[in-house]
Amino acid sequence: MVSAGLEIIGLGLCVIGSLLVMVVCGLPMWKVTAFIEANIVVAQTIWDGLWMSCVVQSTGQMQCKVHDSVLALGHDLQAARALTVISCVFGVLGLMVVIAGAQCTNCIRDENVKARVVNAGGVIYIISGLFVLVPLCWMANNIISDFYNPQVPPSKKREIGAALYIGWAATALLLIGGALLCCSCPSDGNSGYSAKYAPTKRATPNGTGDYDKRNYV
C-alpha cells in the first residue's frame with residue numbers, strides 16, 4: 001500500500017510538472033520590460049518568449065509577432081527551444097512508462113519487472129526536469145548580466161518574467177515526483193498471496209478417517 005501511494009503521489013506531481021513545462025514553453029513572458037527609468041508611466045510593455053515577442057499597450061491591447069528566423073535568434077533562445085521541447089517529450093514518454101509499470105495496471109505481470117519499469121519512468125522524469133532547468137537558469141543568468149551591464153541601454157534591459165518562475169516550480173515537481181517514483185519499490189514477498197491448504201484426509205475401512213490419535217484423549 002505504501003508503494004502504491006508513492007506511485008500515485010509521484011505520478012501526480014510529475015504530470016502536473018510536465019503540464020507546467022508545456023505551458024512555460026508557449027508563454028511569451030520569459031523576458032519582460034524593466035522599468036528602471038525615472039518616469040514609470042510607459043505606454044507599452046514588451047514580452048519576449050521562445051517563439052514570439054508581444055507588445056502590450058497601456059490600453060490593454062496586445063500584439064504578438066512570431067520570430068521570423070531561428071538562425072537569427074541568440075544561442076540562449078535556440079538552446080532553450082530545443083531543451084524545453086525535449087523536456088516535454090520526455091514528460092510524455094515518462095507518463096507512458098509509469099502507466100505501463102504501475103501496480104494498478106496489468107500491462108506487465110511480473111512484479112519485479114513492474115517495479116523496475118516504474119523506477120525507469122522516475123528517472124525519465126528527473127531527466128526531463130534537468131532538461132528544462134538548464135535553459136531556465138541560462139536565461140536568468142543572461143537577463144541578470146544584461147541588467148547590470150552598463151553598456152546595455154535601459155530600453156534594452158529586461159527582467160525575469162513569470163514563465164521562468166513557473167518553470168522552476170515545474171522543475172521542482174518533476175524532480176520530487178521522479179524521486180518518489182524511484183523509491184516506490186514493493187517489498188519482497190508481497191508480490192502475491194500464499195495460500196496454505198491442509199492435507200486431504202484418507203478414509204479408512206472403518207469409515208472414521210485417518211485422523212491423528214492425539215486429538216482423542
Practice prompt. Take Tyr125 and Phe90, measure what ring-ring contact (aromatic ring centres under 6.0 Å, His included) needs, and give me the verdict at the end.
Written response: CA-CA 7 Å; Tyr125 274 119; Phe90 269 75; 9.8 Å; no
Discussion item. Could you go through Val123 and Asn119, starting from their C-alpha distance and side-chain angles, then the distance that decides it, and tell me whether this counts as side chain to side chain contact (heavy atoms under 4.5 Å, CB included)?
Written reply: CA-CA 6 Å; Val123 173; Asn119 294 339; 5.7 Å; no
Item to complete: Could you walk me through whether Glu7 and Val118 pass side chain to side chain contact (heavy atoms under 4.5 Å, CB included), step by step?
Response: CA-CA 8 Å; Glu7 285 186 3; Val118 172; 3.7 Å; yes
Worksheet entry | Check against side chain to side chain contact (heavy atoms under 4.5 Å, CB included), Ile166 and Leu27 | CA-CA 10 Å; Ile166 299 175; Leu27 282 178; 4.0 Å; yes
Discussion item. Under the criterion disulfide (SG to SG under 2.5 Å), I'd like the reasoning laid out for Cys54 against Cys64: C-alpha separation, chi angles, the key distance, then a yes or no.
Written reply: CA-CA 4 Å; Cys54 298; Cys64 296; 2.1 Å; yes
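Taking every heavy atom of both residues into account, Gly167 and Val24 meet most closely at N-CG2, 3.5 Å. Of all heavy-atom pairs spanning Leu50 and Ala80, the tightest one is CD2-CB, 3.5 Å. Between Val85 and Cys25, the shortest heavy-atom contact is CG2-SG, 4.4 Å. The two atoms that bring Gly122 and Cys182 nearest to each other are C-SG, 3.8 Å, heavy atoms only. Residues Tyr165 and Gly161 come closest through the heavy atom pair CD1-O, 3.2 Å.
Pairs passing the salt bridge (charged side-chain N to carboxylate O under 4.0 Å, His left out) check and including a residue from residues 142-151, sequence neighbours excluded, do not occur. Judged as a side chain to side chain donor-acceptor pair (under 3.5 Å), not a single pair has a partner in residues 13-25 (not counting sequence neighbours).
Rounding to the nearest 0.5 angstrom, the gap separating the CG atom in Leu93 from the SG atom in Cys88 is 13.0 Å. In this structure, the separation between CG on Leu180 and CG on Leu11 is 11.0 Å, given to the nearest 0.5 Å. Put simply, NE2 on His67 and CZ on Arg81 are 6.0 Å apart, with the number rounded to the nearest 0.5 Å. Between the CZ atom in Phe147 and the CG atom in Asn142 there is a gap of 15.0 Å [rounded to 0.5 Å]. Separating the CG atom in Leu175 from the CD1 atom in Ile126 is a distance of 6.5 Å, to the nearest 0.5 Å. The distance from atom CE of Met139 to atom CG of Leu77, rounded to the nearest 0.5 Å, is 4.5 Å.
Contact of the Asn149 side chain with the Ser145 side chain is not registered, since no non-hydrogen atoms from C-beta on lie closer than 4.5 Å. For the pair Lys114 and Val117, the minimum side-chain heavy-atom distance is 4.5 Å or more. The side-chain heavy atoms of Leu6 and Leu181, taken from C-beta on, include no pair separated by under 4.5 Å. The shortest distance between side-chain heavy atoms of Leu136 and Thr171 falls below 4.5 Å. In this structure, Trp30 and Arg158 have side chains that are not in contact, with every pair of non-hydrogen atoms separated by 4.5 Å or more. Residues Met62 and Trp47 meet the side-chain proximity criterion, which asks for heavy atoms closer than 4.5 Å.
One hydrophobic cluster holds both Val23 and Leu133 under the rule that ILVMFWY side chains link at heavy-atom gaps under 4.5 Å. Leu164 and Ile144 end up in the same hydrophobic cluster when Ile, Leu, Val, Met, Phe, Trp and Tyr side chains are linked at under 4.5 Å. Residues Leu174 and Ile9 share a hydrophobic cluster, clusters being chains of Ile/Leu/Val/Met/Phe/Trp/Tyr side chains in contact below 4.5 Å. No continuous path of hydrophobic side-chain contacts links Val15 to Ile8 [ILVMFWY only; heavy atoms under 4.5 Å]. Side-chain heavy atoms closer than 4.5 Å link hydrophobic residues (I, L, V, M, F, W, Y) into clusters, and following such links, possibly through other members, connects Ile176 to Val132.
Thr33 contributes a side-chain N or O that, together with a main-chain N or O of Ile46, makes up a donor-acceptor pair within less than 3.5 Å.
Checked by atom type, the side-chain pair Ser87/Ser128 shows a donor-acceptor distance below 3.5 Å.
By the salt bridge (Lys or Arg N to Asp or Glu O under 4.0 Å) test, Asp76 pairs with Lys31, sequence neighbours left out.
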